Amino acid sequence: MNSVAALIAKAPANSNERVISFSPLPSPAELMADLPAAEKTGLLVSRARQDVRAVLDGLDSRLLLIVGPCSIHDTVAGLEYARRLAEAAHRHEGELLIVMRSYFEKPRTTIGWKGLVNDPHLDGSHDMNAGLRAARRFLLAVAELGLPTATEFLEPLSAQYLADLVSWGAIGARTTESQTHRQLVSGLSMPVGFKNGTDGGIRVAVDACGAASAAQGFMGIDEDGRTAVVATAGNPDVHLILRGGSDGPNYDAVAVESASAQMAEAKLNPRVIVDASHANSGKSHLRQVDVLRELADRIAAGDTTIAGIMAESFLMPGAQKLDPAQSVQPGFSVLETLSYGQSVTDACMGWEATERALEQLATAVKARR
Ligand SMILES: O=C[C@H](O)[C@H](O)COP(=O)(O)O
Ligand SMILES: C=C(OP(=O)(O)O)C(=O)O
């Protein structure tokens with residue numbers, strides 16, 4: 001009997017009746033020892049976190065831009081995108097603080113592919129050992145290009161494996177109300193934005209920012225993978241991300257000012273990030289281009305409430321269907337059946353549209369100054 005089967009056999013009667021298996025993962029310390037961050041990478045991350053804080057607090061007049069694929073499903077295409085974005089980030093560094101969306105964990109409305117960490121082979125095999133490794137390797141490779149990264153934290157345990165390489169974090173619309181995620185953020189080292197709820201509710205995100213900025217105690221894991229009581233200091237760099245909702249978009253000036261006022265009233269950062277994608281664009285990559293243009297016009301006209309913008313962009317425009325349950329010819333991987341450089345989750349702007357949007361936003365920041 002292997003050790004896992006032995007553990008299940010030892011479990012008290014009536015427990016784990018619907019659990020099929022437990023497969024051990026390495027501890028965070030073991031993964032980090034295999035894939036360590038170079039000193040240069042550590043400096044890049046801490047410098048980028050400081051820069052993000054300065055932009056959010058209005059001490060740096062640049063615009064924060066969280067841009068990149070909806071999800072990383074192919075690390076080769078993701079890195080080709082990162083190389084292009086690193087060049088653009090350098091070109092616009094006077095006006096834009098560009099941080100690459102490197103999202104490895106996807107919250108789903110019902111079911112679907114849950115991201116590279118959960119299912120790196122895209123086939124429902126849930127090889128999370130390989131997924132955590134692939135995500136960490138990807139973050140290290142992007143850092144080598146001098147580009148900071150942003151991610152959504154979804155599984156409360158995954159942060160211990162990856163967070164040392166991340167400069168900006170998000171909690172998604174589906175988890176902003178979750179106490180577990182608010183607690184997690186209270187201990188994260190980087191600035192973290194909370195999205196408004198899927199119904200467009202702002203209050204839930206204001207409450208989340210309040211809870212995450214407070215000290216918390218909760219159950220988690222330590223670097224050695226032991227379950228532990230985690231005591232946190234609270235995260236002072238929490239902020240609001242407006243992503244629209246089922247009641248419509250919320251990127252217009254009135255909605256942004258009203259959300260900002262709710263944050264100010266709760267004594268939280270009134271400067272916000274506007275997500276040009278998701279319910280603010282009806283998940284249309286074409287509409288996203290228009291939203292970005294409208295935001296650029298407002299910034300050029302002097303808007304200072306918008307500290308940052310999020311956009312979903314990849315090498316190719318649009319999205320393609322991924323069904324982890326599909327059958328693939330023997331000898332082929334699911335990845336080989338997909339179009340290169342196109343999102344398998346939400347539709348993204350293609351690279352050409354992205355370059356034009358970056359240009360517009362950089363010009364807008366110059367005008368705002
Ligand atoms: O950003 C990605 C999606 O909007 C989010 O994960 C929900 O996706 P779904 O509604 O396709 O499940
Ligand atoms: C899932 C995401 O967004 P939201 O939580 O706004 O749906 C995302 O940004 O990938």
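Small disclaimer: the values here were computed from a predicted structure and weren't measured. Numbering of ligands and ligand atoms starts at 1, following listing order.
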Item to check | Residues, nucleotides or ligands: over 12 heavy atoms within 6.0 Å of L59 CG | outcome: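 Enclosed.
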Item to check | N250 and I202, any side-chain heavy atoms less than 4.5 Å apart | outcome: yes
Checklist outcome for this item: re atom 9 (P) of ligand 1, the protein heavy-atom contact at minimum distance is T109 OG1, 3.4 Å
Checklist entry - Quick one: which ligand 2 atoms are inside 4.0 Å of a heavy atom on Y103? => result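 The list of qualifying atoms is 8 (C), 9 (O), 10 (O).
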Item to check | Shortest protein heavy-atom distance from atom 11 (O) of ligand 1, along with the residue and atom involved | outcome: R108 NH2, 3.0 Å
Checklist entry - Do any nitrogen or oxygen atoms of R101 lie less than 3.5 angstrom from nitrogen or oxygen atoms of ligand 1? => result no
Item to check | Atoms of ligand 1, numbered as shown, that sit under 4.0 Å from any heavy atom of K106 | outcome: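 Those qualifying, in numeric order: 1 (O), 2 (C), 6 (O).
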Next on the checklist: What I want to know is whether A173 and ligand 2 share at least one N or O pair that is separated by under 3.5 angstrom.
Outcome noted: yes
Checklist entry - Hey, does C70 come in under 3.5 Å of ligand 1, counting only N/O atoms on both sides? => result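 For ligand 1, there is no N or O atom that lies under 3.5 Å from one belonging to C70.
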Checklist entry - Atom CD in E95, atom NZ in K366: separation rounded to 0.5 Å? => result 4.5 Å
Checklist entry - By number and element, which atoms of ligand 2 are closer than 4.0 Å to a non-hydrogen atom of R243? => result 4 (P), 6 (O), 7 (O)
Checklist outcome for this item: re atom 10 (O) of ligand 2, the protein heavy-atom contact at minimum distance is K106 NZ, 2.6 Å
Item to check | For atom 8 (O) of ligand 1, the protein heavy atom that lies nearest, with its residue and separation | outcome: K283 NZ, 3.7 Å
Next on the checklist: I need the atoms of ligand 2 closer than 4.0 Å to a non-hydrogen atom of G172, numbered in the order shown.
Outcome noted: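 So the answer, numbered in order with elements, is 5 (O).
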Checklist entry - From Q329 CD over to E336 CD, what is the distance, rounded to the nearest 0.5 angstrom? => result 10.5 Å
Next on the checklist: Any nitrogen or oxygen of T345 lying under 3.5 Å from a nitrogen or oxygen in ligand 1? Just yes or no.
Outcome noted: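 Between T345 and ligand 1 (N or O atoms, distance only) the closest approach is not under 3.5 Å.
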Next on the checklist: Give me the nearest non-hydrogen protein atom to atom 3 (O) of ligand 2 as residue plus atom name, then the distance to 0.1 Å.
Outcome noted: K195 NZ, 3.0 Å
Checklist entry - Can you tell which part of P107 has a heavy atom less than 4.0 Å from ligand 2: side chain, backbone, both or neither? => result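 Within the 4.0 Å criterion, P107 contacts ligand 2 through side-chain atoms alone.
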Checklist entry - So do the side chains of C209 and M263 get within less than 4.5 Å of each other, counting heavy atoms only? => result yes
Checklist outcome for this item: So the atoms of ligand 1 within less than 4.0 Å of a heavy atom of D346 turn out to be 1 (O), 2 (C), 3 (C), 4 (O)
Next on the checklist: Whether the E312 and S343 side chains hold a donor-acceptor pair (N or O, under 3.5 Å, no angle test) is what I'd like checked.
Outcome noted: no
Item to check | Test item: side-chain donor near acceptor, S27 and R226, under 3.5 Å | outcome: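 No.
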Next on the checklist: Please list, in number order, the atoms of ligand 2 under 4.0 Å from a heavy atom of R101.
Outcome noted: 8 (C), 9 (O), 10 (O)
Item to check | Residue, atom name and distance, where the atom is the protein heavy atom closest to atom 6 (O) of ligand 1 | outcome: P107 O, 2.5 Å
Item to check | Which residue and heavy atom of the protein sit nearest atom 8 (C) of ligand 2, plus the separation | outcome: H278 NE2, 3.2 Å
Checklist entry - Is atom CZ of R47 surrounded by more than 12 heavy atoms (other residues, nucleotides or ligands) closer than 6.0 Å? => result no
Checklist entry - Within the distance-only criterion (no hydrogens, no angle test), does the side chain of T149 pair as donor or acceptor with the backbone N or O of M100 below 3.5 angstrom? => result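 Checking the backbone N and O of M100 against the side chain of T149, no donor-acceptor pair under 3.5 Å is found.
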Checklist entry - For the hydrophobic clusters of this structure (ILVMFWY residues joined by side-chain heavy atoms under 4.5 Å, transitively), does one cluster hold both L292 and I241? => result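 No; tracing contacts between hydrophobic side chains, which count when under 4.5 Å, never links both residues.
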Checklist entry - Do you see a donor-acceptor pair shorter than 3.5 Å between the side chains of S125 and D127? => result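 Absent: no donor and acceptor within the cut-off.
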